[in-house]
Amino acid sequence: MVRSDDDTWDLASSVGATATMVAAGRAVVSQDPDGLINDPFAAPLVRAVGIEALTMMADGKFDIEKVLPESAARVRANIDEMAVRTKFFDDYFMDATGRGVGQAVILASGLDSRAYRLPWPDGTVVYEIDQPDVIEFKTRTLADLGAEPTCERRTVSIDLRDDWPAVLRAAGFDPSAPTAWCAEGLLIYLPPEAQDKLFDDIHHLSAPGSTVATEFVPALKDFDPEKARQATETLTRMGVDIDMPSLIYHGERHSASDYLETKGWQMDSAARATLFTRYGLPAPGHDDDDPLGEIIYISGTLR
Ligand code: SAM
């Protein structure tokens, strides 16, 4: 599968399937009553997409230790990472809106159910942006489940490489009020120039006091698709037809944190191990075969 400037997908194909994959991870970590997060919508959403291996995983019926013992440690580490990552962005939104930021924008919302599960302060407006099939599927599936948003949820169906700010404004977004922005699991799927444009647009739409959170992968510049393909073979052996290396844009790109700092944002960074420790999980060891390597979680405020 080769990426193109105007490629599209649903939740079972191309980049869309990665949203189903991470939701399956959230479903697994939500099975632990003492776990870091609880996303009760993850499993039913994954089930509704219908990728068999991910449904089995979400339903706790895929015993990785038994089926693929040699890959179990990596799969477990990826699933732990979903717990940590979800908690990071949950806390980020609750902190920003708790301090009075009244609108939030979830860029590349995928099967993220925050608009339905977080205790947003009264009156918070949450915009979700993703490709049309993705937005339509989640909205319909959650409605069929009887789920109700816990905020005022507004959807924006558009590709983030197109003129999404115009459509966001048309949906009622107020650029004169502070916003909490989040781009979770997105940047690696954007070409470098689209990443810069995304942050240019965010900056132009942000009133002082706005906040942003995302994560970036410093090793993308040295990313080797063939080496990564060997490492991600686990997915194929699990029966999941996602060729991650062909979906990722690699090569040189700006560090999201540095780029935003040059525009006047005050940024904080936390490496993966720092977040694991912060949330009481053992930090994962270094893995030479990890195709992406380090992940840096960043958040910041426009002064
Ligand atoms: N943020 C969600 C989460 O963490 O559960 C989804 C992450 S998923 C790995 C990647 C998401 O990025 C998908 O939902 C996909 O549709 C979205 N995405 C990637 N490139 C996009 C683009 N150019 N326009 C709109 N959405 C995009």
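Order of listing sets the numbers, starting from 1, for every ligand and every atom in it. Quick caveat: nothing in here was measured; it's all calculated off a predicted structure.
- Taking each of Leu198, Asp130, Ile135 in turn, the one with a heavy atom nearest to atom 16 (O) of ligand 1 proves to be Asp130.
- Using a non-hydrogen distance threshold of 4.0 Å, Trp9 registers as a contact of ligand 1.
- Remark: distances from the non-hydrogen atoms of Ser109 to ligand 1 include one below 4.0 Å.
- In the candidate list Gly16, Gly185, Pro191, Gly185 is nearest to atom 10 (C) of ligand 1, counting heavy atoms.
- Screening Arg85, Arg26, Arg114 against Asp90 for a salt bridge (Lys or Arg N to Asp or Glu O under 4.0 Å) leaves a single residue, Arg114.
- For ligand 1, the atoms closer than 4.0 angstrom to any heavy atom of Val15 are 15 (C), 19 (C).
- Checked against a 3.5 angstrom limit, the closest N/O atoms of Asp112 and ligand 1 fall outside it.
- Only side-chain heavy atoms of Val22 come within less than 4.0 Å of ligand 1; its backbone N, CA, C and O stay farther off.
- Here Leu186 has side-chain heavy atoms under 4.0 Å from ligand 1, and that is the only part of it that gets that close.
- For the residue pair Ser13/Asp10, the side-chain donor-acceptor check at 3.5 Å is satisfied.
- Taking 4.0 Å as the cut-off between side-chain N and carboxylate O, Arg153 and Glu128 count as a salt-bridged pair.
- Neither the backbone nor the side chain of Met21 has a heavy atom within less than 4.0 Å of ligand 1.
- In terms of N/O distances under 3.5 Å, ligand 1 is not approached by Leu190.
- Protein heavy atom in closest approach to atom 24 (N) of ligand 1: Leu160 N, 2.8 Å.
- With no hydrogens or angles considered, a side-chain donor-acceptor pair links Thr179 and Gln103 at under 3.5 Å.
- The aromatic ring centroids of Trp181 and Phe173 lie less than 6.0 Å from each other.
- Remark: minimum distance from atom 3 (C) of ligand 1 to any protein heavy atom is reached at Arg26 NH1, 3.7 Å.
- A donor-acceptor pair is defined here as one N or O able to donate and one able to accept, closer than 3.5 Å; no such pair exists between the side chain of Thr124 and the backbone of Gly102.
- Within ligand 1, the atoms closer than 4.0 Å to a non-hydrogen atom of Thr18 are 8 (S), 9 (C), 10 (C), numbered from 1 in the order shown.
- Side chain of Lys87 to backbone of Met82: no donor-acceptor contact under 3.5 angstrom is found.
- Aromatic rings of Trp265 and Phe199 (six-membered ring for Trp) have centroids beyond the 6.0 Å cut-off, not under it.
- In summary, the atoms of ligand 1 found under 4.0 Å from a heavy atom of Ala19, numbered by their order in the structure, are 8 (S), 13 (C), 14 (O).
- Remark: the backbone N or O of Ala213 is not paired with any side-chain donor or acceptor of Ser299 at under 3.5 angstrom.
- Taking distance alone, with nitrogen or oxygen atoms compared against 3.5 Å, Ala108 approaches ligand 1 more closely than that limit.
- For atom 23 (N) of ligand 1, the nearest non-hydrogen atom of the protein is Asp159 OD1, 2.9 Å.
- In summary, the side chains of Tyr259 and Asp200 do present a donor paired with an acceptor at a separation below 3.5 Å, with no hydrogens or angles considered.
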Q | Stepwise side chain to side chain contact (heavy atoms under 4.5 Å, CB included) test for His203 and Leu302 | A | CA-CA 8 Å; His203 182 68; Leu302 181 61; 3.8 Å; yes
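- Numbered from 1 in the order shown, with element, the atoms of ligand 1 that lie under 4.0 Å from a heavy atom of Gly110 read 6 (C), 14 (O).
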Q: Give the C-alpha distance, both sets of side-chain angles, the deciding distance and a yes or no for salt bridge (charged side-chain N to carboxylate O under 4.0 Å, His left out) between Arg76 and Asp80.
A: CA-CA 6 Å; Arg76 259 200 321 272; Asp80 280 351; over 6 Å; no
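- Of the protein's non-hydrogen atoms, Arg85 NH2, 2.8 Å is the one closest to atom 4 (O) of ligand 1.
- Looking only at protein heavy atoms, the nearest one to atom 7 (C) of ligand 1 is Glu184 O, 3.7 Å.
- Leu111 does not count as a contact of ligand 1, since none of its heavy atoms falls under 4.0 Å from the ligand.
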